[in-house]
Amino acid sequence: MPAGSRPSAAPGTSPDFLRAALDSLTSEIVILDESGAIVSFNATRERFVRDNPQAGSLLPGVNYLEGCESAQGECVADVRGVARGIRAVIAGELPEFHHEYRRDTASGRRWFIMHVTVFTHDGKRLISLAQVDITARKRVEAQLRLTDRAIKAVSQGVLIAGPDQRILTANQAFSIITGYSEEEIVGRTCRFLQGPLTDPKTVEAIARAQVNREDFSGEILNYRKDGAVFWNDLTISPVCDEEGAVTHFIGVTRDITARKQAETEFENLNRRIVEVSRQAGMAEVATSVLHNVGNVLNSVNVATTLLGDRVRTSKAGNLAKVAALLRDHATDLPGFFTRDERARHLPGFLEKLAEHLVAEQRAMAGEIDTLRKNVDHIKDIVAMQQSYAKVSGVTEFVSPADLVKDAISMNAGSFDRHSVEVTTDIADAPSVEVDKHKVLQILINFLRNAKRACDDSGRADKHITIRVRQAGEKVVFAVSDNGVGIAPENLKCIFSHGFTTKKDGHGFGLHSGANAAKEMGGTVCVHSEGPGLGATFSLELPLRSGAHGPADHKGLSQIAA
Ligand code: ADP
């Protein structure tokens with residue numbers, strides 16, 4: 001077949017076929033003559049004009065260019081730009097013309113691209129206009145621009161790398177965080193985000209996540225460009241295509257150096273606070289031990305003074321006198337016993353002396369017993385301090401009456417000397433399972449404070465009453481006095497560390513007592529009607545150690561009343 005000729009029967013060249021093909025295009029096709037008059041158009045253009053009458057008429061002889069030039073509306077500048085381009089092509093100033101422009105259509109404002117070319121038919125120059133709706137592409141482009149701008153604007157560093165992990169782009173925040181400009185990092189692999197400071201486990205985790213096409217998130221220590229160390233919170237996410245192949249990696253990083261520094265400072269501060277509180281706690285324990293030992297030492301002192309007095313004034317010396325008398329008459333004892341008046345009184349004297357010495361011995365044994373108990377108590381207070389770290393000490397079953405008796409006997413001397421009358425009212429309570437020395441520590445302090453309150457009141461009749469009651473699964477000890485009483489505002493802080501109204505006070509006794517009670521699962525409580533009206537301090541303890549329920553203040557108020 002000769003070149004250039006076409007088989008006239010070929011279906012692809014028949015006018016009908018070409019017409020149908022033209023109509024099937026989604027582009028609008030319009031053919032103009034050199035004056036701008038519409039010569040022909042396809043079905044897409046026809047549909048468009050039907051739906052958008054403002055786009056002009058398609059009637060024979062209608063001038064397309066004049067229509068464009070007289071267009072109204074907001075997009076007029078764009079439409080006139082199209083007319084100018086077409087005229088330039090008609091005038092031969094441009095071989096062809098491509099122009100993106102906006103038009104208002106029935107479905108809103110849309111973007112088009114117009115391709116203008118010239119062709120000759122039957123010796124006439126004709127202009128072909130092909131318009132394609134590119135609104136969808138424009139929208140995607142706008143979206144991309146927005147995303148790009150957003151990426152640039154966010155304070156997190158963002159970088160995008162290809163599947164080979166080579167960096168394609170990074171935002172400004174990334175440059176600010178790392179100190180590298182975009183140009184300096186584009187083309188480098190993401191691995192430069194990990195430095196010699198990065199924990200090897202993290203490096204491994206990143207590699208594993210990339211192989212498995214999973215997200216990685218972690219905190220990474222690295223160097224900035226200027227050598228400064230910084231912490232960054234990094235997330236790397238793979239982006240995959242429909243077949244699951246990685247097309248990109250997106251890295252997002254945040255500089256968390258300030259937070260990390262604050263955390264370290266906070267940890268140091270916390271460690272320091274713990275240390276200081278431990279020291280303060282130790283100081284408090286030491287002071288409380290001294291206070292409690294001091295209380296018991298007072299009683300030791302009284303007992304020793306009494307013992308000393310008794311030894312000094314002992315009638316035992318009289319025995320020596322008897323012995324001397326007998327020795328003087330050793331050569332004639334029968335004569336002495338028959339003739340000497342003194343010998344006749346000797347048996348009665350010896351009998352009385354013996355009685356006296358027995359009483360004296362009993363009293364001294366009593367004092368020695370008190371002394372021994374006091375020394376034991378001191379020993380236990382010290383032991384308690386040494387085992388301070390342990391939550392509870394050794395517990396034993398003790399009768400509440402014995403506890404009260406011991407507490408009184410350890411203060412007995414001072415009650416006598418200050419003429420304080422002590423009465424007890426002990427109900428039939430079962431034995432309690434307690435750390436005996438903790439309970440004694442609390443009761444002794446209650447008693448000493450009560451005695452002091454009575455003394456300070458200046459009254460002649462000084463009374464202290466100790467009551468013991470069982471209240472359900474608890475036992476309550478209450479020490480009441482008719483001393484100076486307590487002002488309402490002091491009631492609130494009376495158990496606080498360091499609270500004291502005494503010139504020589506420390507304010508540790510009640511505080512350490514409250515702590516000791518708490519350790520035993522109990523509570524301490526105070527009641528006073530006000531200054532001058534006495535006070536009652538109560539200790540409530542569970543009958544069984546380990547069976548600590550919440551404190552029941554009913555018992556306390558019953559007994560305090
Ligand atoms: P200190 O005896 O060293 O002051 P405490 O903790 O034993 O420490 O007592 C704290 C304060 O509680 C006392 O200074 C006193 O004001 C008050 N207080 C304690 N017991 C009584 C009481 N029975 N009557 C009045 N006030 C009391």
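As the structure lists them, so they are numbered: ligands from 1, and atoms in each ligand from 1.
- Below 4.0 Å from some heavy atom of Phe499 lie the following atoms of ligand 1, by number and element: 10 (C), 11 (C).
- Residue contacts with ligand 1 for Phe446 are absent, since no atom lies close enough (heavy atoms, distance under 4.0 Å).
- If you check which protein heavy atom lies closest to atom 24 (N) of ligand 1, you get Ala453 CB, 3.4 Å.
- Remark: Lys502 does not engage Asp456 in a salt bridge, criterion side-chain N to carboxylate O under 4.0 Å.
- Between Pro531 and Pro488 the shortest heavy-atom distance is CD-CD, 4.5 Å.
- Of the charged side-chain nitrogens involved, at least one lies within less than 4.0 Å of a carboxylate oxygen, so that Arg259 and Glu219 count as a salt-bridged pair.
- Side-chain contact, Thr169 with Glu182: a donor N or O sits under 3.5 Å from an acceptor N or O.
- Within 6.0 Å of atom CZ in Arg224, more than 12 heavy atoms from other residues, nucleotides or ligands are found, so the atom counts as buried in its surroundings.
- Looking at Glu214 and Arg208, no side-chain N of the basic residue comes within less than 4.0 Å of a carboxylate O on the acidic one, giving no salt bridge.
- The shortest N or O to N or O distance between Thr501 and ligand 1 is below 3.5 Å.
- Closest to atom 6 (O) of ligand 1, if we only count protein heavy atoms, is Leu510 N, 2.8 Å.
- In terms of protein heavy-atom proximity, atom 21 (C) of ligand 1 is nearest to Phe537 CE1, 3.4 Å.
- Between the side chain of Ser237 and the backbone N or O of Asp215, no donor-acceptor pair lies under 3.5 Å.
- Evaluated by nearest non-hydrogen atom to atom 18 (N) of ligand 1, the leading choice among Ile494, Val526, Val479, Asn482 is Ile494.
- Residue contacts with ligand 1, taken as heavy atom pairs separated by less than 4.0 Å, involve Ile486 solely via side-chain atoms from C-beta onward.
- Listed by atom number, the atoms of ligand 1 under 4.0 Å from Thr500 heavy atoms are 1 (P), 4 (O), 14 (O).
- Between Cys454 and Ile464, the closest heavy-atom pair is SG-CG1, 4.2 Å.
- Which parts of ligand 1 touch Asn445 is read off a 4.0 Å heavy-atom cut-off, strictly below it: atoms 7 (O).
- Of the possible polar contacts, one joining the Ser528 side chain to the Ile486 backbone as a donor-acceptor pair under 3.5 Å is found.
- When hydrogens are left out, the protein atom nearest atom 2 (O) of ligand 1 is Lys502 NZ, 2.7 Å; that is the closest non-hydrogen contact.
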> Should Val524 and Phe537 be marked as a side chain to side chain contact (heavy atoms under 4.5 Å, CB included) after you check the CA-CA gap, both sets of side-chain angles, and the distance that decides it?
Replying inline: CA-CA 7 Å; Val524 288; Phe537 282 83; over 6 Å; no
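- The shortest N or O to N or O distance between Val484 and ligand 1 is not below 3.5 Å.
- Look at Gly507 and you'll find a heavy atom under 4.0 Å from some atom of ligand 1.
- Of the heavy atoms in Asn490, none comes closer than 4.0 Å to ligand 1.
- Residues Arg310 and Glu360 are not paired through a salt bridge, judged by the lack of any N-O separation under 4.0 Å between the basic side chain and the carboxylate.
- Checked against a 3.5 angstrom limit, the closest N/O atoms of Ala535 and ligand 1 fall outside it.
- Atoms of ligand 1 found under 4.0 Å from any heavy atom of Gly485, numbered from 1 in the order shown, are 25 (C).
- Distances from ligand 1 to the non-hydrogen atoms of Phe495 include no value under 4.0 Å.
- Interface of Asp481 with ligand 1, defined as ligand atoms under 4.0 Å from a residue heavy atom, comprises 22 (C), 23 (N).
- Protein heavy atom in closest approach to atom 19 (C) of ligand 1: Asn449 ND2, 3.5 Å.
- With ring centers used as reference points, His511 lies 6.0 Å or more from Phe499.
- With respect to atom 3 (O) of ligand 1, the closest heavy atom belonging to the protein is His506 N, 2.7 Å.
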